[in-house]
Amino acid sequence: MDALPQRGEVGGLAALEARIARDLALIAYPEPRWVPERSTAAGERMLDVLVVGAGQGGLAILFALMRDRITNVLAIDRKPEGLEGPWRDFARMVTLRSWKTVTGPDLDIPSLTFQSWFEAQWGAAAFAALDKIPKDLWADYLLWYRRVLSLPVRNGVELVALAPCREGLVASVREGARETSITARKVVLATGIETPGRWWMPDVVAALPARFRAHTGDRIDFAALAGKHVAVLGAGASAFDNAATALEHGARVTLCCRRPQLQRVQPYKQLSYAGFFRGFPHLSDAERWRWMNHLLSLREAFPRETWERASRHAGFTLMTGAPWLGARIRGDRVEIDTPRGALTADFVICGTGFEMDVAAHPALAPHAALIATWGDRYRPPAGQENPRLARFPYLTSGFALTERVPGGAPWLADVHLFSFGATVSFGPSGSSINAMKFAVPRLAQALAADLFVADAEAHYRALVAYDTPEFELPDALLPDATWHGECTPMPQPSPGRDACSDAA
Ligand SMILES: Cc1cc2nc3c(=O)[nH]c(=O)nc-3n(C[C@H](O)[C@H](O)[C@H](O)COP(=O)(O)OP(=O)(O)OC[C@H]3O[C@@H](n4cnc5c(N)ncnc54)[C@H](O)[C@@H]3O)c2cc1C
């Protein structure tokens with residue numbers, strides 16, 4: 001599309017924000033806050049839910065909870081405000097890969113969609129002309145979403161450890177040089193797509209000195225690569241985006257792909273229907289494993305514009321069928337062995353994704369032996385073994401971690417995971433824009449149910465003690481007075497029908 005008109009030329013955000021306030025007021029039922037306050041033995045007020053990570057997932061979870069009047073909640077994020085998530089960090093694409101009409105954080109409220117936000121500033125014609133959503137605009141939208149909903153977020157606060165305490169969970173956090181703790185009844189880890197795991201590169205590359213290599217999830221000084229030869233490993237969208245960024249900075253790039261052909265079919269597209277999102281978590285373990293073994297064994301394809309962005313440069317070379325078998329430093333360069341011959345580069349970038357490993361998450365690492373993975377819970381039939389799938393955590397229907405040994409760590413039921421780590425249990429769910437409208441409400445519903453059930457006795461006592469009359473009667477009529485006025489006769493059942501069928 002052509003350059004956007006100046007913001008504010010059309011409509012304006014003020015009118016949209018008024019509409020949002022009205023929309024939320026119209027669906028505010030039921031309004032009472034209902035979660036009883038809890039304090040620690042030391043008298044500190046506990047949070048009902050601590051959300052770790054204020055990217056799109058963490059924000060949408062806060063919103064969903066607040067709609068259910070669970071308001072004693074907080075999200076923390078280690079990054080500064082506006083820099084959460086990958087968008088202004090290591091996401092090196094120009095636009096989102098999703099289609100522009102994707103909804104998610106809005107949780108089905110039309111005035112909160114990206115499209116509404118965009119049209120309020122640039123108009124409907126500009127949206128019609130938009131191809132895909134520029135990633136910086138997506139980051140701007142998320143920031144606005146947080147502001148317009150007054151979501152409670154504290155930036156610059158990092159979770160460093162998590163442990164059970166008598167009253168719930170205690171999160172040790174670092175805020176600048178200060179270490180402190182937050183107690184909460186529930187903790188949701190919305191800490192990014194690789195949670196709980198790590199960005200992964202083959203051992204032969206990891207063994208190289210750090211100044212010769214990077215992962216696409218790292219910060220990279222692309223300006224320093226001008227005039228150099230960069231070898232990129234991987235054939236996913238991020239590998240291509242990093243190759244394109246290096247080319248745009250004047251590097252020459254050879255992109256090596258392990259498989260004989262590029263993956264151009266996007267299987268996730270085929271799965272973008274409501275029945276799958278809603279129904280997949282209800283399949284048996286054997287079925288979920290079978291589906292995810294197929295899905296996660298395929299590479300995700302990337303869109304046409306990603307291919308064109310890299311391939312239009314004369315300095316771009318694609319080598320298929322070229323896994324890296326070995327690598328070493330020769331002089332001041334990296335020499336790489338591939339089945340198609342040796343390759344020499346000044347710098348290498350791995351677009352090789354991430355691997356699940358509960359022990360790689362700093363807050364979960366000390367408890368890793370207690371946490372059940374799919375490998376602990378399910379033994380696949382011959383031919384369907386997949387160690388990669390086996391490392392995914394095995395989650396409850398409410399996204400909570402589960403114990404490897406029953407009774408070993410019951411508190412894990414209060415630690416919920418909203419990331420790609422939920423994929424084998426739920427299919428696309430956490431860390432995915434297009435699954436958000438299904439996954440966030442499911443998580444929020446589970447959190448609300450758990451909080452209610454934990455306090456069911458207190459809620460029951462509140463019901464029994466409830467004695468607020470709907471209207472006042474004159475004192476003379478209380479408590480044993482006789483009413484002398486006229487009564488409205490009770491309706492009589494129609495002939496031939498009993499009272500029950502009339503009532504129905
Ligand atoms: C490069 C890239 C491109 C993508 N493009 C698309 C796309 O086009 N369409 C799509 O549907 N999906 C896309 N995704 C997938 C997904 O939508 C994104 O990963 C998205 O950012 C996930 O949102 P999130 O809130 O789960 O995690 P994030 O947005 O990553 O947010 C997690 C937050 O947690 C914080 N955090 C982490 N650890 C801690 C800690 N210990 N203490 C405090 N804070 C912490 C981080 O600072 C971060 O801000 C992409 C992913 C990547 C990596």
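Both ligands and their constituent atoms are indexed starting at 1 by order of listing. Along the sequence shown, residues are numbered consecutively beginning with 1. These numbers come from the heavy atoms of this one structure, side chains and all, not from hydrogens, waters or symmetry mates. Source: prediction; values computed, not measured.
For ligand 1, none of its N or O atoms has an N or O atom of Glu158 under 3.5 Å away. In terms of polar-atom proximity, Ala54 is not counted as a contact of ligand 1, lacking any N or O under 3.5 Å from an N or O of the ligand. On a distance-only criterion, Gly85 and ligand 1 share at least one N/O pair closer than 3.5 Å. Note: an N/O pair closer than 3.5 Å links Ile433 and ligand 1 by distance alone.
Residue Pro86 has at least one heavy-atom neighbour below 4.0 Å for each of these atoms of ligand 1: 21 (O), 29 (O), 30 (O). For ligand 1 and Lys79, the ligand atoms under 4.0 Å from any heavy atom of the residue are 47 (O). For ligand 1 and Glu84, the ligand atoms under 4.0 Å from any heavy atom of the residue are 49 (O). Short contacts between ligand 1 and Ala91, defined as distances under 4.0 Å to a heavy atom of the residue, involve ligand atoms 1 (C). Those atoms of ligand 1 with a heavy atom of Gly55 less than 4.0 angstrom away are 25 (O), 29 (O), 31 (O). Of all the atoms in ligand 1, the ones that sit under 4.0 Å from a non-hydrogen atom of Val52 are 40 (C), 42 (N), 43 (C). Near Gly53, meaning under 4.0 Å from one of its heavy atoms, ligand 1 places the atoms 33 (C), 34 (O), 35 (C).
Protein heavy atom at the shortest distance from atom 6 (C) of ligand 1 is Trp87 CH2, 3.9 Å. Looking only at heavy atoms of the protein, atom 48 (C) of ligand 1 is closest to Asp77 OD2, 3.4 Å. With hydrogens left out, the protein atom closest to atom 32 (C) of ligand 1 is Ala190 O, 3.3 Å, a heavy atom. At the top of the distance list for atom 30 (O) of ligand 1, counting protein heavy atoms only, stands Gly192 CA, 3.5 Å. With hydrogens left out, the protein atom closest to atom 25 (O) of ligand 1 is Gly57 N, 2.8 Å, a heavy atom. When hydrogens are left out, the protein atom nearest atom 42 (N) of ligand 1 is Leu159 N, 2.9 Å; that is the closest non-hydrogen contact. With hydrogens left out, the protein atom closest to atom 51 (C) of ligand 1 is Ile193 CD1, 4.2 Å, a heavy atom. Protein heavy atom in closest approach to atom 53 (C) of ligand 1: Phe90 CE1, 3.7 Å.
Atom CD of Glu248 has more than 12 neighbouring heavy atoms from other residues, nucleotides or ligands inside a 6.0 Å radius. Heavy atoms of other residues, nucleotides or ligands lying less than 6.0 angstrom from CZ of Arg258 number 12 at most. Taking a 6.0 Å sphere around CZ of Arg264, one finds it holds 12 or fewer heavy atoms contributed by other residues, nucleotides or ligands. For Asp203, the CG atom is loosely surrounded, since the number of other residues' heavy atoms within 6.0 Å does not exceed 12.
Using a cutoff of 4.0 Å between basic side-chain nitrogens and carboxylate oxygens, Arg147 and Glu81 are not scored as salt-bridged. Remark: Asp285 does not engage Arg377 in a salt bridge, criterion side-chain N to carboxylate O under 4.0 Å. Salt bridge Lys132/Glu305: present, at least one basic N to carboxylate O contact under 4.0 Å. Residues Arg219 and Asp89 are paired through a salt bridge, judged by an N-O separation under 4.0 Å between the basic side chain and the carboxylate. Residues Arg88 and Asp140 are paired through a salt bridge, judged by an N-O separation under 4.0 Å between the basic side chain and the carboxylate.
Side chain of Glu158 to main chain of Arg174: no donor-acceptor pair is present (N/O by atom type, distance under 3.5 Å, no hydrogens or angles). Judged by distance alone, with hydrogens and angles left aside, the side-chain atoms of Lys100 form a donor-acceptor pair with the main-chain N or O of Ala128 at under 3.5 Å. In this structure, the side chain of Ser116 does not engage the main chain of Leu112 through any donor-acceptor pair within 3.5 Å.
Within the structure, ligand 1 lacks Arg92 among the residues with a heavy atom less than 4.0 angstrom away. In this structure, Ser419 does not count as a contact residue of ligand 1, since none of its heavy atoms falls inside 4.0 Å of the ligand.
Around atom 43 (C) of ligand 1, the closest heavy atom drawn from Gln56, Arg78, Lys135 belongs to Arg78. Taking all heavy atoms of Pro428, Ser238, Ser431, Ser98 into account, the minimum distance to atom 9 (N) of ligand 1 is reached by Ser98.
Tested against Phe438, the residues Phe276, Phe277, Tyr273 include a single ring-ring contact (aromatic ring centres under 6.0 Å, His included) partner, Phe277. With Glu84 as reference, Arg146 is the one residue of Lys79, Arg146, Arg154 to meet the salt bridge (charged side-chain N to carboxylate O under 4.0 Å, His left out) rule.
Counting heavy atoms under 4.0 Å from ligand 1, residue Val157 touches it through the backbone alone.
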